[in-house]
Amino acid sequence: MDKNFSGEDNDSIDWDTEDELEIQEITDTTFSSCTNLRSVRRHTVSGHGEASTSSVSCQSKFIQQFIVMGFPEESIAKAIEQNGENEGLVLDALLTFKALEDSLEDQSSASPQLEPCNSSDDSSSQYNESFLDDVYEEDSWSSDSDNCINSAKRDYLKGESSSLSEKEQTLIFLANMGYPAEEASIAMERCGPEASLAELIDFMCAAQMAREDDAYLPEDVKPKLNSGGYKRKMYNEFCTRKKQRAISDEESIPLPKHMIGFGVPTESIPRMVQRTLPEQAIGPPFFYYENVALAPKGVWDTMSRFLYDIEPEFVDSKYFCATARKRGYIHNLPIEDRFPLLPLPPRTIHEAFPLTKKWWPSWDTRTKLNCLQTSIGSARLADRIRKAMKAMENFDGEPPAIVQKYILDECRKWNLVWVGRNKVAPLETDEVEMLLGFPRNHTRGGGISRTDRYKSLGNSFQVDTVAYHLSVLKDLFPNGINVLSLFSGIGGAEVALYRLGIPLNNVVSVEKSEVNRNIVRSWWEQTNQRGNLIDFEDVLQLNGDLLEQLIDSFGGFDLVIGGSPCNNLTGSNRVSRDGLEGKDSSLFYDYVRILDLVKSIMSSRRV
DNA sequence: AGTAGCATGAACGGCCGA
DNA sequence: TCGGCCGTTCATGCTACT
C-alpha cells in the first residue's frame, strides 16, 4: 500500500487509516450539501458493512473533489476509468473531455444516462442519480484507488439492482467514460465477454493509435540518428586513437547512491581526500567537464574514456543549495583542501523562500526542490491545483491523501512553491538565479525574453557546486588565471571563479547563443573585470591555428572548463534523447578535441 | 515573424517483495 | 534473483496569440 507514498517524505502517512478518517468526514459533509451524491449516501448506508462504507467513501471523496471543482460527474467517472488513480491525468482528462461530452449528449436520446451535467450545484440530472446509483451500490470498493475502478466495474456488472444485461451495462459504463458506443461494442466483441475494463480501454486506445499511425507515411518518419559528417568522422578518429572498449553493461559506471562526489562541505559523510590520476590526465592545463549525471547507459563510460579514463565525480547540488542538480564532473583538479563559497547559500526551501513558509501545507514535506529545468509549470496547472485545494477547504482538515499525492507529484515535477493560500506557482526567474548562485538580475535585460531566461538558467551550472570544486585553484593561481570556457552559457564558470576571488586575467569564452554572450559580457563589464574577455560563437572556430594564436598571446590556458549540451542526454527530452551521438550532445567530442589541442600546443611550447 | 504557453513519455536506477 | 513499482529528469515541438 505504500506505492503512493514510497517517497522519503511520506513514510508517516498511512493510506488506509487516513482515508478512513477523512472519508467519513467528507461523506458526512458532502452529502448534506451536494444533491448529486445523495444517491451515494443512500447506497452507502444500505451497503454491506464497514468495508463497504469506507471504500465507497473513498470513491465519493475521490469524485467529490472534482465535483466541487465544477466538473460533471459523467466526465469524472470517465476520466477516472481511463486514468485510474492518476489524479493529474484525471484532471487533464476532465479538461479535455468537454467536446466529447457534447457528443455523448447527442447519444443521450438513446441512453438517458448520458445526459450531461455541467454543474455540481444545480438540481442533479437523472443521469447523475442513476449513474451513481449503479456505480456505488456495491460493497467491493477498495480503498486502494488502483482497485476502485475495477471494483466499480465489477460492482457495476454484477447488476444486482439493474435490469440491464451485463453487456449493456458495460457499454453504458464505457459510454459514460466518453468512448463511442460503436468502439466500445467492437472492443467487447474482440476482447471477449471476460475482458476487464482495462483491457477494453487498452484495446480502444490501441485502435485509436493505429488509426493515428495510418495518417502518417510509413517510410520517412524514422528519425535520422546522426547526419554523419565531420562529427562521426571525428568520433571514428577518436575511437581509433584512443583505446577502444566495447560498452557493455557490466562496465557501466554506477551512479553513487549519495551523490557527494569526493566530498561536499555540508555533509558529515566520509569523503575521499586523495586520488591518483592517470599520467595522461595530469595538467597543465587543468580541465573541468560537466554534464547530466543521469545520462543514457554507457555515456559516462564513453566520456570518461575520452577524458583520460578519469573517474567522474557525481555530485548533487542539493548538498550545496536548496535545489537538486545531479551532475557528473570529469576533471583533473586537486581534491584536497576545497572550500565553499561564502556566504553559504540557503539549503532548504524555507530558508531560500521564507515567505512561502506561511502557506506551505504540513503535508508538503519537501525540503529541497528538484532539478531546475529549462521550462516552468503552466499557469493552468497552478490554477488546477488552486481549485483542487479550494475545493478541499469545504472539508475540515487536510485534503485526502490522493489529492495530496496529486498535488505533490505536480509540485515536484514542476518545482512549484506555495505563494498564497491554496496557491502554488513556479519559481520566478530571479529566484532561479539565486538558487543557482548567480547574482540577481544576472540574466535580466539585454533583450532576453522571460522564456529564454528560464532556458539559459536551466542550462547552466550551479555556481556554488562548481566553485567548491574550483576553489583549489585559488592558492595555485594567486596572480590570476587564464580560462578557456567552452559552452559558456550565462557564464557559470566565470561567476564561480570570480566569487572565489580568483582574478580572471584572460577568458576565452565560446557560446553559441548571442543573448548568453551578451549576458556574460554585461556581467564582465558590471563587475569591473580588469582582464580580457574574448568570445567566440562556435567551438568549431577553435582550430589549431586559432588556439596556437591565443596560447601564444597570453601564455597558455590554466583551465579548460565547460559542459557540453545535455539535451540529447537528459531524461527530460522526449523527442531526441539520442545519447552522445545526438545532434547537440555530440559536441562533447569538440570539448575533447579542443582540450587535446590545448594540451599538445602547450606541451610543445614548454619544451 | 516572433513569442509565450502548453502538452507531450520514456529511460533509468532504487527499492521491495515474491 | 527477478520483476514490478516508483520517482526523477540542464527538453522539444506545436499552437495560439500579438
Side-chain angles (χ1 to χ4, degrees), chain A residues 1-11 84-86 88-89 91-93 95-96 144 146 209 212 223 249 252-259 290-300 314-318 323-329 366 368-384 405 408-415 426 429 432 435-436 447-463 465-466 487 489-490 492 513 515-516 562-579 582-585 587-588:
Chain A
M1 283 311 296
D2 66 340
K3 68 181 183 137
N4 292 298
F5 292 97
S6 60
E8 57 198 65
D9 302 327
N10 297 308
D11 49 349
E85 91 276 27
N86 190 319
L89 291 179
L91 266 177
D92 288 341
L95 290 164
T96 54
D144 184 341
D146 270 343
M209 288 167 66
E212 285 165 1
D249 289 344
S252 182
I253 297 175
L255 289 173
K257 184 180 170 187
H258 300 289
M259 284 199 193
E290 179 261 12
N291 217 315
V292 291
L294 280 65
K297 265 185 184 173
V299 164
W300 277 104
F314 293 106
V315 181
D316 190 337
S317 292
K318 76 177 181 182
T323 181
R325 205 166 185 81
K326 299 180 183 67
R327 297 292 179 269
Y329 306 88
R366 288 178 296 162
K368 304 275 185 183
L369 293 163
N370 275 340
C371 185
L372 301 172
Q373 310 215 54
T374 56
S375 53
I376 60 170
S378 67
R380 195 182 295 183
L381 170 65
D383 200 46
R384 279 204 296 267
K405 175 169 165 50
L408 270 177
D409 283 348
E410 294 298 322
C411 285
R412 286 200 176 98
K413 189 173 178 181
W414 294 105
N415 272 327
T429 43
V432 178
L435 287 167
L436 292 176
I448 188 172
S449 70
R450 179 179 152 88
T451 307
D452 283 342
R453 286 180 73 187
Y454 283 114
K455 187 171 180 184
S456 292
L457 285 161
N459 281 312
S460 92
F461 287 163
Q462 204 288 323
V463 171
T465 311
V466 171
F487 315 104
I490 57 175
S513 157
V515 289
N516 284 351
S564 59
C566 69
N567 54 342
N568 302 125
L569 308 178
T570 173
S572 307
N573 190 337
R574 288 98 183 271
V575 179
S576 52
R577 196 184 188 188
D578 302 328
K583 179 171 159 289
D584 299 311
S585 294
L587 287 169
F588 161 76

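Note that the coordinates shown come from a computational prediction; the quantities given were computed from them, not determined experimentally. Chain naming here is simple, since letters A, B, ... match the order of the sequence lines and numbering starts at 1 in each.
- Using a 3.5 Å distance cut-off with no hydrogens or angles, the side chains of A:Ser576 and A:Asn573 do pair a donor with an acceptor.
- Of the candidates C:dC10, C:dT8, B:dG9, the closest approach to any side-chain atom of A:Arg412 belongs to C:dT8.
- In this structure, A:Arg325 reaches the bases: a heavy-atom distance under 4.0 Å links it to at least one base atom across the strands shown.
- Contacts of A:Thr570 with the nucleic acid, taken as non-hydrogen atoms under 4.0 Å apart, involve only primed sugar atoms and P, OP1 or OP2.
- Close to C:dG7, at under 4.0 Å from its OP1 or OP2, lies a side-chain N or O of A:Lys405.
- Between A:Asp409 and A:Asn291, the one whose closest nucleotide on DNA chain C sits nearer the 5' end is A:Asp409.
- Set against C:dC10, B:dC12, C:dT12, the side chain of A:Lys297 has B:dC12 as its closest nucleotide.
- A donor and an acceptor atom, one from each side chain of A:Asn415 and A:Asn370, are nowhere located under 3.5 Å apart.
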What would the secondary structure line of DNA chain C be in dot-bracket form, counting Watson-Crick and G-U wobble pairs under 3.5 Å, with [ ] for pairs that cross earlier ones and | for pairs with another strand?
-> |||||||||.||||||||
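- Scored by the salt bridge (charged side-chain N to carboxylate O under 4.0 Å, His left out) test, A:Arg325 finds no partners at all (sequence neighbours excluded).
- Within the nucleic acid shown, A:Ser564 comes within 4.0 Å of at least one base atom, counting heavy atoms only.
- With salt bridges taken as basic N to acidic carboxylate O contacts below 4.0 Å, one links A:Lys405 and A:Asp409.
- Side-chain proximity of A:Asn370 to the nucleotides B:dT8, B:dA7, C:dT8 is greatest for C:dT8.
- Within the structure, a side-chain polar atom (N or O) of A:Ser449 is placed less than 4.0 Å from OP1 or OP2 of B:dA4.
- Within 4.0 Å (heavy atoms only), A:Cys371 reaches sugar-phosphate atoms of the nucleic acid but no base atom.
- Residues passing the ring pair (Phe, Tyr, Trp, His ring centres under 6.0 Å) test with A:Phe588, sequence neighbours excluded: A:Tyr289.
- In this structure, A:Lys257 reaches the sugar-phosphate backbone alone: every heavy-atom distance under 4.0 Å involves primed, P, OP1 or OP2 atoms, never a base.
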